[in-house]
Engineer: 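Shown below is the structure under consideration.
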Amino acid sequence: MMYHHAGKACGPIICPTSVAPTQYDPGMTDPPQNAVKTTIFPHVIKNFHPTHTTNVNKHVYTHEHYFPHTESVVNVCCEQHVFCGAPVNPCCPPMYAPGPY
């Protein structure tokens, strides 16, 4: 217990609460997931007897080339404070008084 002013008890000194600026941690990005897609191509080979027929299944591979591109936008904000005169204190008269002309 604290004593102050002629032995009178005082409570704890409570300071105003302060709030620190918000802190932003770096964002987190998961690694890309790899998906494997399997396509089954059924093949039929027809064989006839006594005449023999060979069916040739010719696979034609088409290579498609893609060029993905990403784009981003950055917005920049600027701020100006322009003081067009000085603030007036209504409790304090101006340092100068306009005189009669």
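Residues: numbered from 1 along the sequence shown.
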Engineer: Of all heavy-atom pairs between H63 and H65, which one has the smallest distance, and what is that distance?
Structural biologist: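 In terms of heavy atoms, the two residues are closest at O-CD2, 3.7 Å.
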Engineer: Restricting to non-hydrogen atoms, name the atom on I45 and the atom on N55 that form the minimum distance, rounded to 0.1 Å.
Structural biologist: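 Between these two residues, the closest heavy atoms are C-ND2, 3.7 Å.
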Engineer: Listed by chain and number, what are the side chain to side chain donor-acceptor pair (under 3.5 Å) partners of Y24, not counting sequence neighbours?
Structural biologist: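 Partners of Y24 by the side chain to side chain donor-acceptor pair (under 3.5 Å) criterion come out as none, since no residue qualifies.
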Engineer: Taking the side chain from H43 and the backbone from F41, do they hold a donor-acceptor pair closer than 3.5 Å?
Structural biologist: yes
Engineer: Return the CD to CG distance between Q33 and D30, rounded to the nearest 0.5 Å.
Structural biologist: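 Answer for the CD-CG pair, Q33 versus D30, is 7.5 Å.
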Engineer: Excluding sequence neighbours, so at least two apart, what forms side chain to side chain donor-acceptor pair (under 3.5 Å) with E64?
Structural biologist: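 Testing E64 for side chain to side chain donor-acceptor pair (under 3.5 Å), a comparison that skips the adjacent residues, returns Y66.
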